[in-house]
There are 2 protein chains.
Amino acid sequence: MTVATSTRELAHPEHTEIRLEAVLHALADPLRLRVVRALADADRELACSHFELPVTKSTSTHHFRVLRESGVIRQTYRGTAKMNRLRGEDLDALFPGLLDSVLVAAGAQAKRLGDG
Amino acid sequence: MTVATSTRELAHPEHTEIRLEAVLHALADPLRLRVVRALADADRELACSHFELPVTKSTSTHHFRVLRESGVIRQTYRGTAKMNRLRGEDLDALFPGLLDSVLVAAGAQAKRLGDG
DNA sequence: GCCTTACTACGATGAGTATCGTAGTAATCC
DNA sequence: GGATTACTACGATACTCATCGTAGTAAGGC
């Protein structure tokens with residue numbers, strides 16, 4: 001018998017530990033930006049395996065860690081899966097409007113470049 | 001006798017060549033973000049020498065080039081000086097609200113951390 | 001022409017990071 | 001327990017980038 005949630009815990013920066021430079025750096029990578037956009041569009045938790053990124057699993061792990069450690073996403077284990085969700089409220093409290101304008105900008109650019 | 005403006009020209013990305021990832025990367029560096037904030041606060045052209053950055057001249061040149069080549073600033077020679085101004089309108093047309101929210105976020109964080 | 005000011009080009013260096021492959025753990029299913 | 005799924009830790013590698021020092025250019029003042 002096991003309890004409903006896993007005991008494995010992951011380190012996340014507190015509210016006050018989130019740095020603008022780290023968030024911008026996390027968002028500046030095309031693969032990570034793609035993940036963030038997908039999470040925003042889905043508006044729910046998504047497993048790492050949901051994303052089909054053109055890199056190996058280990059590289060994916062790396063990118064998800066960068067997103068988590070910068071404070072952009074929150075990650076929790078759920079069975080064998082690792083679920084990801086945007087820390088939208090935390091970010092908006094710290095940096096009002098920032099995430100939204102990045103998402104809108106990313107959408108506009110994708111449309112403009114024809115890969116969105 | 002010389003004409004009023006220099007003939008030296010600098011390469012700038014066109015409107016359509018500006019990439020969100022490059023802009024975010026440019027803004028993700030503390031020194032470059034400091035420059036951008038100063039330009040926004042001043043609301044006018046500032047010479048490179050106006051900024052007293054804690055790095056050598058060559059490193060400064062490097063950071064200003066990153067800002068220019070990403071499309072964040074426009075640089076023009078004026079005598080022996082090189083003047084810098086934000087490409088606020090270009091950026092706002094491409095990515096509405098992005099620069100503003102970054103500037104507000106940077107201001108808020110500087111206040112919060114006591115170095116603004 | 002000479003000197004000063006302001007920026008630059010180049011090469012070197014060290015730190016960071018994106019990538020991979022291999023081997024491994026943790027939870028779940030049968 | 002054994003098999004499967006999903007993610008991870010580690011070491012290696014190559015690439016990018018922030019930094020510097022030196023030597024150099026371009027414009028303007030004397």
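To find a chain, count down the sequence lines: A is the first, B the second, and so on, and within it residues start at 1.
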**Item:** Protein-nucleotide distance (L31(B), atom CG; dA18(D), atom P), rounded to Å
**Value:** 10 Å
**Request:** Could you check if a side-chain atom of R44(A) sits within less than 4.5 angstrom of a side-chain atom of R85(A), using non-hydrogen atoms only?
**Result:** no
**Asked** Starting at CD of E9(B) and ending at P of dC7(C), how long is that distance when rounded to a whole Å?
**Response** 17 Å
**Message:** With a 4.5 Å cut-off on side-chain heavy atoms, are S70(B) and L24(B) touching?
**Reply:** no
**Prompt:** How long is the line joining CE of M83(A) and C1' of dT5(D), in whole Å?
**Reply:** 14 Å
**Prompt:** Once you round it to whole Å, what is the distance between C1' of dT28(C) and CZ of R8(A)?
**Reply:** 11 Å
**Asked** Any chance NE2 of H50(B) has more than 12 other-residue heavy atoms, nucleotides or ligands included, within less than 6.0 Å?
**Response** no
**Prompt:** Given atom OH of Y77(B) and atom C1' of dT5(C), what is their separation to the nearest angstrom?
**Reply:** 14 Å
**Message:** Within a 6.0 Å radius of atom CD on E17(A), are there more than 12 heavy atoms belonging to other residues, nucleotides or ligands?
**Reply:** yes
**Request:** Please determine if a side-chain N or O atom of S58(A) lies less than 4.0 Å away from the OP1 or OP2 oxygen of dC10(D).
**Result:** no
**For DNA chain D, the residues among residues 59-70 of chain A that have a non-hydrogen atom under 4.0 Å from it** = T61(A), R65(A)
**Asked** With respect to the side chain of A81(B), which nucleotide from dA27(C), dC7(C), dA18(D) is positioned closest?
**Response** dC7(C)
**Request:** Measure from the side chain of V55(B), starting at C-beta and using heavy atoms only, and say which of dA26(D), dC20(D), dA27(C) lies closest.
**Result:** dC20(D)
**Request:** May I ask whether F64(A) and L10(A) are part of the same hydrophobic cluster, defined by side-chain heavy atoms of I, L, V, M, F, W, Y residues being less than 4.5 angstrom apart, directly or through others?
**Result:** no
**Message:** At 4.0 Å (heavy atoms only), tell me whether H25(A) reaches a base, stays on the sugar-phosphate, or touches nothing.
**Reply:** sugar-phosphate
**Message:** Without decimals, in angstroms, what is the distance between K57(B) NZ and dG21(D) P?
**Reply:** 13 Å
**Prompt:** dC20(D) phosphate, OP1 or OP2: any side-chain N/O from T56(B) under 4.0 angstrom?
**Reply:** yes
**Message:** Nearest to the D29(A) side chain among dA18(C), dC7(D), dA26(D), which nucleotide is it?
**Reply:** dA18(C)
**Message:** Does any part of the side chain of V35(B), heavy atoms only, come nearer than 4.5 Å to the side chain of H63(B), both counted from C-beta?
**Reply:** no
**Item:** Value in whole Å for how far the P atom of dT25(C) lies from CG of L10(A)
**Value:** 18 Å
**Message:** Using OP1 and OP2 only, check whether a side-chain N or O of R32(A) sits under 4.0 Å from dA18(C).
**Reply:** yes
**Asked** Which whole-number value in Å describes the distance from I73(A) CD1 to dC7(D) P?
**Response** 12 Å
**Asked** Can we say D90(B) and R74(B) salt-bridge, meaning some charged N sits less than 4.0 Å from an Asp/Glu carboxylate O?
**Response** yes
